[in-house]
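Scroll down for the structure; my scribbles are underneath it.
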Amino acid sequence: MSESNSAPFLLRRFQSLLGIIPVGAFFAEHAFTNGLAFFQGMEHWDEAVAFINGLPLLLFMEIFLIGVPIILHALIGIYIWIFCETNVQHYGYFRNWLYTLQRWTGIIAIVFIGYHVYKLRIEWHYTTDLHIVNSGYVAAYFHELWHVIFYFVGISAATFHFANGLWNFGVKWGITVGERAQVISCYICTAIGVAVYVFFMASLYAFTTA
Amino acid sequence: MSSTIEVHIKRQKEAGKQPYWEKFRVPYQASMNVITILQEIQRNPVTTSGEKVAPVAWDCSCLEEVCGACTMVINGHVRQSCSALVDKLEQPIVLEPMRKFPVVRDLVVNRQRMFESLKKIQAWTAIDGTYDLGPAEKQAPQHQHELYLFARCMTCGCCVDACPQYTREGDFVGPAALGQAYLFNNNKSARFQAEERLNALMGEGGIQDCGNAQNCVRVCPKDIPLTRAIAKLNGATMAQFFKNLLFK
């Protein structure tokens, strides 16, 4: 046997890991913070945003713990997506649908996250005098109906991708091996996905009606 | 049941030629399978428009679903044509060659790539030596039963044909070879090459190409628990990766 080359393996497992840590972890945290807008009120959301903005090395963390990992996860993901031939038209099995949706929701999430970061993280630095984004600014942003629709689709896709990715992670790292374990982990990942979705949707509702 | 059966067949004169469709109508008999349909067409190769054509070429051997030679796509699903009973099929019956392999002629495909995949993962027991290696270690019946599930693989190619990650242009070894890697890595005599198999599975076309669509386990005619083997190998390759990283 010739010298083994484990680079392809490493690349894919790296992509899988990035999706959970830090991207997935941040995604869940983001849902929790945003949910405050609905569950505790706008002033609590503004406090939470102020707290996050007071963290040391924030820009460094945003770039290297969130931005770069998302971009790498997306780029390797697109590379994976190019070489597959989805076939739900022939084999409409549940897992095959999830496999196919994982690819489509990934693409939707890339577009959504790119636009979202530009609009609600970058743009106001240059167009307003704000030091920290506030709930009033976000509420005004959601006065446009198509923004709400775009966020509804984007959040739905990203949350599915997150929850199904969590399930995939269990299999890819050899944790959920047996059929029963994979069914139970599917329920658990669904529950986590629903929880995250409720938090995001509640915050979207809160900002839309504010 | 009508007294004739309509069959649509995707044909191809030879490798690399454009495929085309032809329709046939064959007399119905009780207990017919897809092989007997093809035999009827061979006997009287006349299309529904009355044109006499070259008989349809196909592969078959055992006729009891243990060799895998007659695998083809029947009504959109990959399966063995010997065990595809006409009474259980929707009509018209649509026959196509397997999707992931180069067509030799009509329904005959070249599955050489599956053999190459088995070679990549050393799907054998290395028993050749300059001296007698002696008998294999004893194994528990439970262990033997678990492994026997994987020994039933006939390399028919259903799993790779239904796998969205196994493409004509790609180099993924596919679920069948992964199942065999699991089988031989746990075989009492073949396990001595386990590390080499795991290292091979981390290279191009290795286990990382699995995308968990799990079609393989749904279409496998032998009900081989392929996804269980893949998940176990996922853990084993990860362990091997860290072993290589830290201990070598």
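Here the structure is a predicted model, which means the values were calculated and not measured. Order of the sequence lines fixes the chain letters, A, B, ..., with proteins taken first and strands second; residue numbering starts at 1 for each chain.
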Mind ranking [options] by heavy-atom pairs under 4.5 Å with chain A and telling me who comes out on top?
options                               : answer
B:Gln193, B:Arg99, B:Lys232           : B:Arg99
B:Leu201, B:Val217, B:Asp209          : B:Asp209
B:Gly76, B:Gly205, B:Pro164, B:Gly235 : B:Pro164
B:Gly206, B:Gly211, B:Cys163          : B:Gly211

Under 4.5 Å heavy-atom distance to chain A, tell me which part of B:Asn75 shows up: side chain, backbone, both or neither. neither
Can you tell which part of B:Val73 gets under 4.5 Å to a heavy atom of chain A, answering side chain, backbone, both or neither?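 Neither part; nothing is under 4.5 Å.
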Options [options], ranked by heavy-atom pairs under 4.5 Å with chain B, top entry:
options                              : value
A:Ala181, A:Gly170, A:Ala7, A:Gly174 : A:Gly174
A:Thr176, A:Leu10, A:Val171, A:Ile80 : A:Val171
A:Asn87, A:Thr100, A:Val88           : A:Asn87

Determine, for [X] against [Y], whether the closest basic-nitrogen to carboxylate-oxygen distance falls under 4.0 angstrom.
X        : Y        : result
B:Glu116 : B:Arg113 : no
B:Glu195 : B:Lys248 : yes
B:Glu22  : B:Lys10  : no

Within the side chain of A:Trp167, is there an N or O that forms a donor-acceptor pair under 3.5 Å with the backbone of A:Gln182?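 Flag set: sc A:Trp167 to bb A:Gln182 pair under 3.5 Å.
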Under a 3.5 Å distance rule, please check whether A:Arg95 uses its side chain to pair with a backbone N or O of B:Ala213 as donor and acceptor. no
Return the orientation label for the A:Trp124 and A:Tyr137 ring planes: parallel under 30°, perpendicular over 60°, tilted otherwise. perpendicular
When you measure from the centre of the six-membered ring of A:Tyr79, is the NZ or CZ of A:Arg12 under 6.0 Å away and within 45° of the axis? no
Should the pair B:Arg11 and B:Tyr20 be classed as cation-pi, given the thresholds of under 6.0 Å to the six-membered ring centre and 45° from the axis?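 The answer is no; the distance or angle limit is not met.
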Sequence neighbours excluded and cut-off under 3.5 Å, please list the side-chain donor-acceptor pairs for residues 31-40 of chain A, or say none.
{"from": "A:Thr33", "atom 1": "OG1", "to": "A:Glu29", "atom 2": "O", "distance (Å)": "3.0"}
{"from": "A:Thr33", "atom 1": "OG1", "to": "A:Glu29", "atom 2": "OE2", "distance (Å)": "2.5"}
{"from": "A:Asn34", "atom 1": "OD1", "to": "A:Trp45", "atom 2": "NE1", "distance (Å)": "3.2"}

Quick one: which residues of residues 140-156 of chain B reach chain A at under 4.5 angstrom, heavy atoms only? none
Judged by modelled atom types alone, do B:Asn185 and B:Arg197 share a side-chain donor-acceptor pair under 3.5 Å?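 A pair is found: one side chain offers a donor N or O, the other an acceptor, under 3.5 Å apart.
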